[in-house]
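This report concerns only the one structure given below.
Heavy-atom basis, side chains included; hydrogens, waters and symmetry copies ignored.
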Amino acid sequence: MAVTGADMITEHAVLFSSVAVMAEFHPQAKALRFWRDEQDNSLQSRVEFYDAPLQALEELEADIAIVSRDLSDAVIPDFHSFCQDIEIIFDGGQPSGPIAALTKLDWPRFRRISAYAQYWKLHNPREVNKLLTFIMGIPLYSCLVGELIAQRHSEEEQEILSQIEQPGGVYIIGVNRFRQLFQEDIDNAFNEAKMLVSTFRGTRSENAARIVNGMLDTMRMKPS
């Protein structure tokens, strides 16, 4: 079967989405490694980490980054149901929407975050509200930033792809340098994710799902 331009864009989007959250939010993130697998010719990416112990606050940050990465598989196409699941989990309940179907989610780690939120709900509700918004928005950011990078076809993206065009090719870039090169895409993805979460939290009418998911459809790239 021939590979279409849309297929290539999707593959490139996944390449960047799969490391976006960890690179941006994990406190030990050091560099990004991109490569083409010599066995199946697929594009691969991962985050390299500093080998240093985490402080207490950094452990929470790491938990949030890891869980947000895993949650990104449940964001699309029903972001409204995804956010409802997050609310249920933060209240100590069991989700029944897209998150319930995930097979690669670290539930003990997620429950630690939920327990933290439930404990602090009475003591510091503003911070818990920020955490809830963050857990809703960052998995969506992961999906959007990969699509934006792949859609824009920037010189920086093309440089990475050219280095891993052949099997065995490897490209390594520091997380700070990655942020500098793709700052526009990162900022746009953040803003779009933040706006969509705000829409979900501010829309409780009967047609809320249609409104929220319709906004997501307009944000995402449309394959040509």
Side-chain angles (χ1 to χ4, degrees), residues 9-37 42-76 104-106 109-110 112-113 130-131 133-166 168-197 219-221:
I9 290 177
T10 300
E11 184 182 26
H12 296 165
V14 171
L15 181 73
F16 292 100
S17 291
S18 64
V19 293
V21 169
M22 299 293 281
E24 190 70 25
F25 299 106
H26 197 289
Q28 289 180 316
K30 177 174 63 174
L32 304 180
R33 177 185 293 267
F34 300 93
W35 75 97
R36 186 177 292 275
D37 190 270
S42 62
L43 294 177
Q44 303 288 332
S45 58
R46 73 164 183 255
V47 178
E48 305 285 351
F49 300 97
Y50 288 107
D51 185 15
L54 290 169
Q55 303 299 317
L57 182 58
E58 290 178 331
E59 288 181 358
L60 176 61
E61 293 173 350
D63 283 347
I64 293 171
I66 292 168
V67 168
S68 296
R69 175 200 62 192
D70 297 343
L71 286 172
S72 63
D73 288 337
V75 166
I76 296 171
K104 295 182 179 180
L105 178 60
D106 189 334
R109 195 182 297 269
F110 200 177
R112 281 205 302 268
I113 298 172
K130 289 181 180 178
L131 177 59
T133 299
F134 197 79
I135 294 291
M136 289 179 179
I138 296 309
L140 175 60
Y141 155 79
S142 172
C143 298
L144 294 176
V145 73
E147 292 184 344
L148 289 172
I149 290 173
Q151 185 181 33
R152 195 159 61 90
H153 298 300
S154 65
E155 292 182 4
E156 294 80 10
E157 181 212 13
Q158 296 306 310
E159 180 181 350
I160 294 174
L161 296 176
S162 66
Q163 293 292 322
I164 59 175
E165 184 176 357
Q166 300 300 323
V170 177
Y171 188 95
I172 300 175
I173 182 173
V175 292
N176 290 333
R177 181 58 177 161
F178 180 82
R179 293 189 191 111
Q180 291 174 354
L181 294 179
F182 297 100
Q183 193 64 59
E184 178 182 348
D185 301 310
I186 289 171
D187 290 344
N188 288 338
F190 270 133
N191 291 335
E192 290 182 347
K194 182 179 179 180
M195 179 173 63
L196 201 56
V197 171
M219 288 178 178
R220 300 184 64 220
M221 66 178 187

Phe182: which residues meet the ring pair (Phe, Tyr, Trp, His ring centres under 6.0 Å) condition with it, sequence neighbours left out?
Phe16, Phe178
Contacts of type ring pair (Phe, Tyr, Trp, His ring centres under 6.0 Å), residue Tyr141, not counting sequence neighbours:
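By the ring pair (Phe, Tyr, Trp, His ring centres under 6.0 Å) rule, Tyr141 matches Phe190.
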Using 30° and 60° as the class boundaries, would you call the ring planes of Phe34 and Tyr171 parallel, tilted or perpendicular?
tilted
Let me confirm one number: the [atom1]-[atom2] distance from [X] to [Y], rounded to the nearest 0.5 Å.
X: Glu157; Y: Leu181; atom1: CD; atom2: CG; result: 12.0 Å
X: Arg220; Y: Glu147; atom1: CZ; atom2: CD; result: 4.0 Å
X: His12; Y: Leu43; atom1: NE2; atom2: CG; result: 5.5 Å
X: Glu59; Y: Arg112; atom1: CD; atom2: CZ; result: 8.0 Å
X: Ile149; Y: Glu184; atom1: CD1; atom2: CD; result: 10.5 Å
X: Met136; Y: Leu140; atom1: CE; atom2: CG; result: 12.0 Å

Could you report the tightest heavy-atom contact between [X] and [Y], atom names first, then the distance?
X: Val21; Y: Ser68; result: CG1-CB, 3.9 Å
X: Ser45; Y: Leu15; result: OG-O, 2.7 Å
X: Val75; Y: Cys143; result: CB-SG, 4.4 Å
X: Gly169; Y: Ile164; result: O-CG2, 3.5 Å

Let's go through Ile172 and Leu32 carefully: what are the C-alpha distance in whole Å and the side-chain angles of both, what is the deciding distance for side-chain contact (heavy atoms from CB on, under 4.5 Å) to 0.1 Å, and is it a yes or a no?
CA-CA 6 Å; Ile172 300 175; Leu32 304 180; over 6 Å; no
Test log, rule side-chain contact (heavy atoms from CB on, under 4.5 Å), inputs Phe110 and Leu105
CA-CA 8 Å; Phe110 200 177; Leu105 178 60; 3.9 Å; yes
Any side-chain heavy atom of [X] within less than 4.5 Å of one from [Y]?
X: Leu71; Y: Ile138; value: no
X: Arg152; Y: Leu148; value: no
X: Gln163; Y: Val170; value: no

Partners passing side chain to side chain donor-acceptor pair (under 3.5 Å) against [X] (at least two apart in sequence or in another chain):
X: Ser154; answer: Glu156
X: Ser72; answer: none
X: Asn188; answer: none

Which residues pass the side chain to side chain contact (heavy atoms under 4.5 Å, CB included) test with Gln44, not counting sequence neighbours?
Trp35, Asp37, Ser42
Residue set satisfying side chain to side chain contact (heavy atoms under 4.5 Å, CB included) with Gln158, at least two apart, ordered chain then number -> His153, Leu161
Give the intermediate values and the outcome of side-chain hydrogen bond (donor to acceptor under 3.5 Å, both in side chains) for residues Gln180 and Asn176.
CA-CA 6 Å; Gln180 291 174 354; Asn176 290 333; over 6 Å; no
Do any pairs count as a salt bridge (Lys or Arg N to Asp or Glu O under 4.0 Å) and have a residue in residues 65-74, sequence neighbours left out, and if so which ones?
none
Tell me, please, which residues at least two apart from Asp106 pass salt bridge (charged side-chain N to carboxylate O under 4.0 Å, His left out).
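By the salt bridge (charged side-chain N to carboxylate O under 4.0 Å, His left out) rule, Asp106 matches Arg109.
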Under the salt bridge (charged side-chain N to carboxylate O under 4.0 Å, His left out) rule, collect the residues that match up with Arg177, sequence neighbours excluded.
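None.
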Using a distance-only test with no angle check, is there a side-chain donor-acceptor pair under 3.5 angstrom linking Ser17 and Ser142?
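Result is no, nothing qualifies.
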Residue pairs fulfilling side-chain hydrogen bond (donor to acceptor under 3.5 Å, both in side chains) with at least one residue in residues 21-31, sequence neighbours excluded:
Glu24-Arg179
Show your working on side-chain contact (heavy atoms from CB on, under 4.5 Å) between Met195 and Asn191 and close with a plain yes or no.
CA-CA 6 Å; Met195 179 173 63; Asn191 291 335; over 6 Å; no
Side-chain donor-acceptor contacts of residues 48-58 below 3.5 Å, not counting sequence neighbours, with atom names and distances?
| unit_1 | atom_1 | unit_2 | atom_2 | d |
| --- | --- | --- | --- | --- |
| Glu48 | OE2 | Arg33 | NE | 2.8 |
| Glu48 | OE2 | Arg46 | NE | 3.1 |
| Glu48 | OE2 | Arg46 | NH2 | 3.2 |
| Glu58 | OE1 | Gln55 | N | 2.9 |

